[in-house]
Amino acid sequence: MKKFILSTFLSCLAFWAQAQPSGQTLATSTICNEDGTVTFYYQNDNAKEVMVDVQFAGRQPMTRDAETGFWKATLGPAAPDMYPYCFIVDGVSVMDPLCDQYFPNEGFKNSLLEIPVLKGHLGHDIIDGIPHGSVEYVYYYSKSLGATNQAVVYLPPSYQMKREKKYPVFYLISGTTDTEEVYYKVGRVNYILDNLLARGMAEEMIVVLPYGNPFKLLPTQNEGSGMPQMQFGRDVFSLDLIDDLMPFVEKHFRTINDRDHRAIGGFSRGGNQGLSIGLRNIDKFSYLCSYSSFTSTDIPQVYDDAASLNSKLHLFWLGVGTDDFLFGNARDYMEFLDKKGIRSVKEFTTDKYGHTWMNAKFFLGKTLPLLFKPQESEKAMAAGQPAPAATGQEQQFTAGVMARLFPRPIVSPEYKKESIVFRFKAPDAQKVQLAGEPFVQPLSMEKDADGVWSVELRDHVMETFTYYFLVDGMQVADPNNMYLAPSKGFKPSIASHPSSPYHFASMGAIDHGELSYNIMAHEAWYVSPMVNQHGFPSFIQLIPGKDDTMESWFKVGGANAIADKLISQKKTKACIITTSRLEFMQHSEGPKPEVHTLRADDYKTWAERRNALEALLKKLK
């Protein structure tokens with residue numbers, strides 16, 4: 001029996017064993033068996049029906065073990081990869097409460113299962129012993145939005161060591177309802193690139209992961225405008241990327257700022273956005289990548305001069321699964337390019353379950369070795385094959401498919417001027433309550449004729465707090481809120497009114513620090529604006545609570561937002577905030593830095609923790 005150990009961050013992932021869980025407390029919910037099957041466990045004594053929904057098997061029933069009382073199902077076999085999954089408990093979708101990894105998304109809430117290989121490594125594996133790049137979260141004021149936007153930036157392993165070197169940039173966009181974190185936490189672009197760099201198979205590059213639906217960040221939204229994130233060209237996302245995000249990246253990072261050293265692409269909607277922006281801005285991009293997508297055939301002054309376009313594009317790469325619901329549209333787009341005489345590389349898969357992130361990772365592994373390598377990309381372009389002939393049976397993305405995949409969302413939380421409305425759809429539930437940090441007792445919710453439960457909160461409105469729903473006694477995160485607390489075990493949702501003091505949306509055009517997470521070391525580091533201009537900075541050590549992760553002080557506690565705002569108001573000095581243990585600094589030679597420590601477990605609520613941090617920062621002035 002071989003036990004395959006990944007990093008502790010992947011603690012929810014299966015170990016190689018066939019032992020059944022013992023006792024009455026479930027210790028792990030997924031066990032990967034040596035034959036490629038996976039056994040799922042779920043503990044809920046009150047559930048009447050439980051199903052597991054996993055991407056390689058669909059929705060399958062679980063049976064309750066008479067001896068242990070655990071719900072159980074063995075599915076597969078499945079190929080080693082990462083798969084989203086959730087449990088359906090009496091009709092309600094819930095994340096796995098024992099899994100640390102989750103799928104960041106505006107809507108659905110899934111956990112992540114990783115089936116490892118018996119020998120060797122997959123392209124996205126986190127491999128000890130090779131250099132790893134850093135991942136930074138950046139915030140920037142977008143004039144196009146009139147609000148603060150965010151992005152995730154990957155810096156290659158050499159970035160901090162080769163201080164004079166400049167790097168090419170790949171703008172990589174996630175799909176519909178995905179957040180800016182998905183290509184990092186699900187697509188694993190940083191680890192795929194780390195592994196390729198270690199083998200000498202890719203160029204060093206910066207990868208920028210934008211948020212593809214910044215319309216959702218605007219304080220007021222036109223409900224009658226359909227899906228504005230599907231409108232390309234002069235839409236707010238395109239304007240933000242070209243006019244705001246790119247200038248921010250090129251100001252704050254060491255980039256090579258010409259078309260030969262910029263690439264753009266993405267998955268699903270992000271592929272459409274990437275192609276649309278790239279083709280409309282050929283003066284800025286020469287590498288275009290579409291993963292499981294296509295774009296408009298009506299872009300003025302682009303397709304009618306094939307010779308000019310072919311001469312300007314180092315790479316025009318298109319990949320899609322033949323079982324993808326976008327295959328027909330993607331194939332038609334490929335054929336359109338062929339008829340116009342426009343060269344492209346085409347890649348097809350048949351075994352990755354359609355429109356999935358298994359495909360997105362696979363396509364990344366194919367294209368990253370070609371980016372910013374003109375000779376390699378030219379070989380690929382020269383070998384490009386024509387689109388397969390149409391059979392008339394290809395799936396097409398229609399308005400009906402759109403409505404089925406993306407039904408009109410329930411707005412929750414809905415932020416009003418002096419209240420917040422929470423909603424949850426559960427037509428068959430007998431009782432739904434709102435519970436969380438601010439509430440001594442859960443608040444009762446009322447059900448309407450459509451089976452939507454709601455309650456309006458008028459207290460604690462301007463606080464940032466965690467909450468969840470109790471559905472017939474079962475804890476459920478808000479499926480319509482994209483902000484999840486990155487806690488150990490059950491992950492509640494985060495409510496943060498746009499008018500609250502430290503909400504990024506209310507800060508205006510101020511400078512922001514950079515926040516990075518080191519998964520291998522379980523550390524978070526925030527470096528404030530002007531940290532190099534104020535002499536030796538103060539260090540603040542934030543100790544996570546017993547149920548917290550390295551992200552909690554920032555995503556729930558708002559430590560970076562608090563510091564950004566106070567520095568902009570000149571109420572504190574530049575500083576470095578970290579969850580790392582800093583005792584080693586007191587034993588180093590030379591001047592000792594000023595180190596202050598806050599322990600989350602010394603306070604009962606996140607409001608108290610934020611107040612303590614704010615008070616500490618103001619003392620640094």
Side-chain angles (χ1 to χ4, degrees), residues 103-106 124 149-154 168-190 192-193 205-216 227-233 235-242 245-246 249 262-281 284-296 299 313 315-321 324-326 329-330 333-334 344-347 349 352 354-368 370-371 397 406:
F103 195 124
N105 192 271
E106 294 172 359
H124 61 256
N149 202 354
Q150 64 262 344
V152 177
V153 179
Y154 164 85
V169 184
F170 182 22
Y171 292 86
L172 181 60
I173 314 161
S174 295
T176 306
T177 75
D178 292 332
T179 74
E180 72 280 2
E181 291 188 300
V182 175
Y183 252 118
Y184 162 40
K185 291 192 172 180
V186 185
R188 289 275 184 89
V189 59
N190 53 319
I192 293 173
L193 193 46
M205 67 185 80
I206 295 171
V207 183
V208 179
L209 310 180
Y211 176 39
N213 184 21
F215 179 85
K216 194 175 179 69
M227 296 187 73
Q229 66 268 37
M230 293 295 186
Q231 300 163 6
F232 306 112
D235 63 296
V236 69
F237 173 75
S238 302
L239 294 172
D240 172 75
L241 190 142
I242 295 295
L245 178 56
M246 281 180 54
V249 169
R262 291 196 198 101
I264 191 168
F267 170 69
S268 190
R269 181 196 67 199
N272 197 329
Q273 290 170 313
L275 290 181
S276 176
I277 293 172
L279 290 168
R280 295 171 195 269
N281 296 275
K284 295 179 175 66
F285 301 96
S286 61
Y287 295 84
L288 310 183
C289 301
S290 169
Y291 311 138
S292 305
S293 194
F294 61 98
T295 198
S296 173
I299 301 178
L313 288 181
L315 183 67
F316 198 169
W317 198 98
L318 309 165
V320 68
D324 193 314
F325 62 76
L326 291 183
N329 307 77
Y333 183 69
M334 295 173 182
S344 66
V345 180
K346 306 172 185 71
E347 181 86 26
T349 62
K352 300 189 186 302
H355 198 71
T356 66
W357 276 86
M358 287 78 80
N359 265 317
K361 294 196 302 294
F362 176 80
F363 294 147
L364 265 182
K366 290 286 187 178
T367 52
L368 288 172
L370 301 176
L371 297 184
F397 189 58
F406 308 111

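Here, residue 1 is the first one in the sequence, and each next residue gets the next number.
- The shortest side-chain heavy-atom distance between Phe363 and Ser292 falls under the 4.5 Å cut-off.
- In terms of heavy-atom proximity, Pro214 sits nearest to Phe237 at CD-CD1, 3.8 Å.
- The structure places CD of Gln150 at 8.5 Å from OG1 of Thr179, a figure rounded to the nearest 0.5 Å.
- The minimum heavy-atom distance between Ile299 and Ser276, with the atom names listed, is CD1-CA, 4.5 Å.
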Check the pair Leu209, Glu181 against side-chain contact (heavy atoms from CB on, under 4.5 Å), reporting the backbone distance first and the verdict last.
CA-CA 7 Å; Leu209 310 180; Glu181 291 188 300; over 6 Å; no
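- Shortest non-hydrogen contact noted between Gly278 and Ile264 is CA-CG2, 3.9 Å.
- Counting only heavy atoms from C-beta outward, the side chains of Val345 and Thr367 never approach each other to under 4.5 Å.
- Put simply, the side chain of Phe170 does not reach to within 4.5 Å of the side chain of Leu193, judged on heavy atoms.
- The minimum heavy-atom distance between Ala151 and Val208, with the atom names listed, is CB-CG1, 4.5 Å.
- Partners of Ser286 according to the side-chain contact (heavy atoms from CB on, under 4.5 Å) rule, which considers only residues two or more places apart in sequence or in another chain, are Arg259, Asp260, His314.
- The aromatic rings of Phe325 and His355 lie tilted to each other, with the angle between the two planes from 30° to 60°.
- Using bins of under 30°, 30° to 60° and over 60° for the plane-to-plane angle, the ring pair Tyr183/Tyr291 lands in the perpendicular bin.
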Between Phe215 and Asp235, is a side-chain contact (heavy atoms from CB on, under 4.5 Å) present by the stated rule, with each step listed?
CA-CA 9 Å; Phe215 179 85; Asp235 63 296; over 6 Å; no
Is there a side-chain contact (heavy atoms from CB on, under 4.5 Å) between Leu288 and Leu313? Walk through the geometry before answering.
CA-CA 8 Å; Leu288 310 183; Leu313 288 181; 3.9 Å; yes
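- Within the model, atoms NZ of Lys284 and CE of Met246 stand 6.5 Å from one another, a figure rounded to the nearest 0.5 Å.
- With rounding to the nearest 0.5 Å, the separation of CG in Leu368 from CD1 in Ile192 is 7.0 Å.
- Between the side chain of Gln273 and the main chain of Gly212, a donor-acceptor pair closer than 3.5 Å is present.
- Using modelled atom types, one side-chain atom of Asn105 and one backbone atom of Thr177 make a donor-acceptor pair closer than 3.5 Å.
- Across Leu364 and Gly187, no two heavy atoms sit closer than the pair CD1-O, 4.0 Å.
- Within the 4.5 Å cutoff, the side chain of Asn190 has heavy atoms near those of the Tyr184 side chain.
- Between Asp178 and Val186 there is no side-chain heavy-atom pair separated by less than 4.5 Å.
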Pair Val320, Tyr333 - check side-chain contact (heavy atoms from CB on, under 4.5 Å), show working.
CA-CA 11 Å; Val320 68; Tyr333 183 69; over 6 Å; no
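- The OG atom of Ser174 sits 12.5 Å away from the NZ atom of Lys185 when rounded to the nearest 0.5 Å.
- Considering SG of Cys289 and CD1 of Ile173, their distance stands at 11.0 Å, rounded to 0.5 Å.
- Considering only heavy atoms from C-beta on, Ile277 stays 4.5 Å or farther from Tyr171 through its side chain.
- Atom NZ of Lys366 and atom CD of Glu347 lie 4.5 Å apart (nearest 0.5 Å).
- Between Leu172 and Pro210, the closest heavy-atom pair is O-CD, 3.1 Å.
- Side chains of Glu106 and Tyr211: a donor-acceptor N/O pair is present below 3.5 angstrom, by distance only.
- By the 4.5 Å heavy-atom criterion applied to side chains, Met358 and Thr349 are not counted as neighbours.
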Starting from the C-alpha separation in whole Å, work towards a yes-or-no answer on side chain to side chain donor-acceptor pair (under 3.5 Å) for Asp324 and Asn359.
CA-CA 10 Å; Asp324 193 314; Asn359 265 317; 5.2 Å; no
